[in-house]
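Basis for what follows: all heavy atoms, side chains included, without hydrogens, waters or symmetry-related copies. Everything numeric in this text was worked out from a predicted model, so none of it was measured.
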There are 2 protein chains.
Amino acid sequence: MTVVKNAVESAAEAETAALLIRRTGARATPARVRVLRLLRMVPAALTHHEIEQAIGDLPVDRVTLYRVLDWLVESGLAHRNADAQRVFRFSAAAIGEHSAHTHFRCENCGRVFCLDAAPPAPPSLPEGFSLSHLELDLRGRCAGCTGEHR
Amino acid sequence: MTVVKNAVESAAEAETAALLIRRTGARATPARVRVLRLLRMVPAALTHHEIEQAIGDLPVDRVTLYRVLDWLVESGLAHRNADAQRVFRFSAAAIGEHSAHTHFRCENCGRVFCLDAAPPAPPSLPEGFSLSHLELDLRGRCAGCTGEHR
DNA sequence: CCATCCGGCGCAACTCTGTTGCATCTGGCA
DNA sequence: TGCCAGATGCAACAGAGTTGCGCCGGATGG
Ligand SMILES: [Mn+2]
Ligand SMILES: [Mn+2]
Ligand SMILES: [Zn+2]
Ligand SMILES: [Zn+2]
């Protein structure tokens, strides 16, 4: 019952991912669809390694996965940022909007959570300075990690 | 004239660095003093590689430099954070005050400027999240780099 | 249908950044 | 000055990501 429902939802999610990919003019290959679907369904920023684990059955080649992730970032469908352990983490981009938004990074598990709080207004800069990027960097412990030992 | 003055200032900076190091109870070794002095004099967060270049004469062993940087971070004299290219960058910690303040990083020359604008108020977090660090990350072009080609 | 083409894939080898093990050396104190 | 815990230097290692190149298979045109 729930199994069937999940399977249907799963297929729908895959189709959505495929559409988003084709919309860019590129091919909706299995690797791309599977990775984008995963990123869109998981509320966190995942590492290359975590993604490899998560799509364990029918494994994707290591390099292919790197190239899929590069392509997703380049085409605007995903974000990449280096975590505190200097490993890249990938998360699905918000559909319509590329606009800046606020992130919370858990210092225990390394995951990144996207908050819907609007970014703060930029402060006044010294004469001659120009701003191209503004982001509020928030770190601490996520709900899942609060109260865990160490 | 200016040469002499710079040399004196240079020695004074080195002595300050040595004092800060001894104050922690550890040895003020040449490598530690040279690295901390550099970080304190440069208004930017530098990579291991950039630091190696900057203290070019009398080179420090690669591994020793890594260990010096680890020690500086561990002892609270420097900060480490991974940049967008997933490389660690190191900067001197503010002496008395660790309080959050606003930084502007020039994407052309890489320098970091400390603004006196107060950091924004923290947004409300999801249930169970706790905040330990808040920083406004501002990037763009500094006054010196505005209007330069590329 | 078939030929062709080109984007994507798989594998191997490589680079870059940082770490670990271990022998040797030395800063700072007695 | 002599001592020795704590630093250093060298070599080997590890993880994350990149590059080169030949191959494959889906799209496209006849
Ligand atoms: Mn996000
Ligand atoms: Mn600062
Ligand atoms: Zn967490
Ligand atoms: Zn600049």
Side-chain angles (χ1 to χ4, degrees), chain A residues 17-37 45-75 77-91 110-112, chain B residues 14-15 17-37 45-75 77-91 110:
Chain A
L19 282 173
L20 287 170
I21 292 166
R22 283 197 206 92
R23 183 185 294 172
T24 71
R27 289 188 200 164
T29 66
R32 283 176 182 169
V33 172
R34 287 207 286 157
V35 172
L36 181 56
R37 188 182 79 91
L46 304 179
T47 64
H48 175 278
H49 186 67
E50 289 168 348
I51 293 169
E52 244 181 345
Q53 305 293 321
I55 59 179
D57 33 61
L58 267 307
V60 177
D61 180 77
R62 225 171 60 85
V63 176
T64 299
L65 179 51
Y66 275 117
R67 291 200 267 234
V68 164
L69 291 169
D70 286 347
W71 180 86
L72 286 173
V73 170
E74 203 165 323
S75 65
L77 292 171
H79 294 298
R80 163 173 44 211
N81 58 316
D83 73 11
Q85 285 69 50
R86 67 174 221 107
V87 176
F88 283 142
R89 288 184 173 270
F90 300 85
S91 53
R111 278 186 291 189
V112 174
Chain B
E15 194 45 42
L19 281 173
L20 287 169
I21 292 166
R22 284 198 205 94
R23 181 185 296 174
T24 71
R27 290 190 200 164
T29 66
R32 285 177 180 170
V33 173
R34 287 207 286 157
V35 172
L36 181 56
R37 189 182 79 91
L46 304 179
T47 65
H48 176 276
H49 186 68
E50 289 168 348
I51 293 169
E52 245 181 344
Q53 304 293 320
I55 61 178
D57 33 61
L58 266 305
V60 177
D61 179 76
R62 223 171 61 86
V63 176
T64 299
L65 179 51
Y66 275 116
R67 291 201 267 233
V68 164
L69 291 169
D70 287 348
W71 180 86
L72 286 172
V73 170
E74 203 164 323
S75 65
L77 292 171
H79 295 297
R80 162 174 44 211
N81 57 320
D83 72 12
Q85 284 68 51
R86 72 172 217 108
V87 176
F88 282 144
R89 288 185 173 271
F90 300 86
S91 53

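Among the nucleotides dG28(C), dG20(D), dG9(D), the one closest to any side-chain atom of Arg27(B) is dG28(C). The side chain of Phe88(A) sits closest to dG17(D) out of dC9(C), dA7(D), dG17(D). Of the listed nucleotides (dG8(C), dC11(C), dT19(C)), dT19(C) has the atom at the smallest distance from the side chain of Asp70(B). Out of dG8(C), dT8(D), dG10(C), the shortest distance to the side chain of Arg67(A) is found at dG10(C).
For the pair Ile21(B) CD1 and dG6(D) C1', the interatomic distance rounds to 14 Å; values are reported in whole Å. Between the P atom of dG20(D) and the CG atom of Asp61(A) lies a distance of 17 Å, rounded to the nearest Å. For the pair His48(B) NE2 and dT19(C) P, the computed distance is 10 Å after rounding to whole Å. In this structure, the CD atom of Glu50(A) is 11 Å from the P atom of dG17(D), given to the nearest Å. Distance CG (Leu65(A)) to P (dA16(D)): 13 Å, rounded to an integer number of Å. The distance between atom CD of Gln53(A) and atom P of dG15(D), rounded to the nearest whole Å, is 13 Å. Rounded to whole Å, atom P of dG27(C) lies 17 Å from atom CG of Leu19(B). A straight line from CG of Leu58(B) to C1' of dT8(D) spans 14 Å, rounded to a whole angstrom.
The structure places CG of Leu46(B) at 9.5 Å from CG of Leu69(B), a figure rounded to the nearest 0.5 Å. Atom CG of residue Leu77(A) and atom CZ of residue Arg23(A) lie 9.0 Å apart, to the nearest 0.5 angstrom.
Close to dT18(D), at under 4.0 Å from its OP1 or OP2, lies no side-chain N or O of Tyr66(A). Listed pair Thr29(B) / dT8(D) meets the phosphate criterion, a side-chain N or O lying under 4.0 Å from OP1 or OP2. Under 4.0 angstrom from either OP1 or OP2 of dG17(D) there lies no side-chain N or O belonging to Arg62(A). The phosphate of dG9(D) (OP1 or OP2) has a side-chain N or O of Thr64(B) nearer than 4.0 angstrom. Phosphate contact (OP1/OP2 of dC16(C), side-chain N/O of Arg86(A), threshold under 4.0 Å): absent.
Between Phe90(B) and Ala26(B), the residue anchored nearer the 5' end of DNA chain C, judged by the nucleotide with its closest heavy atom, is Phe90(B). Along DNA chain D, the nucleotide nearest to Val63(B) and the one nearest to Ala31(B) differ in position, and the one closer to the 5' end is contacted by Ala31(B).
Ring pair His48(A)/Tyr66(A): centre-to-centre distance below 6.0 Å.
Residue Arg22(B) is classed as a sugar-phosphate contact, given heavy-atom separations below 4.0 Å to backbone atoms only. Counting non-hydrogen atoms under 4.0 angstrom, His49(B) reaches nothing in the nucleic acid.
Minimum interatomic distance between Val73(B) and His79(B) (heavy atoms only, all atoms of both residues): CG2-C, 4.2 Å. The heavy-atom pair separating Arg34(A) from Val60(A) by the smallest distance is NH2-CG2, 3.3 Å.
Counting non-hydrogen atoms of neighbouring residues, nucleotides and ligands closer than 6.0 angstrom, the CD atom of Gln53(A) exceeds 12 such neighbours.
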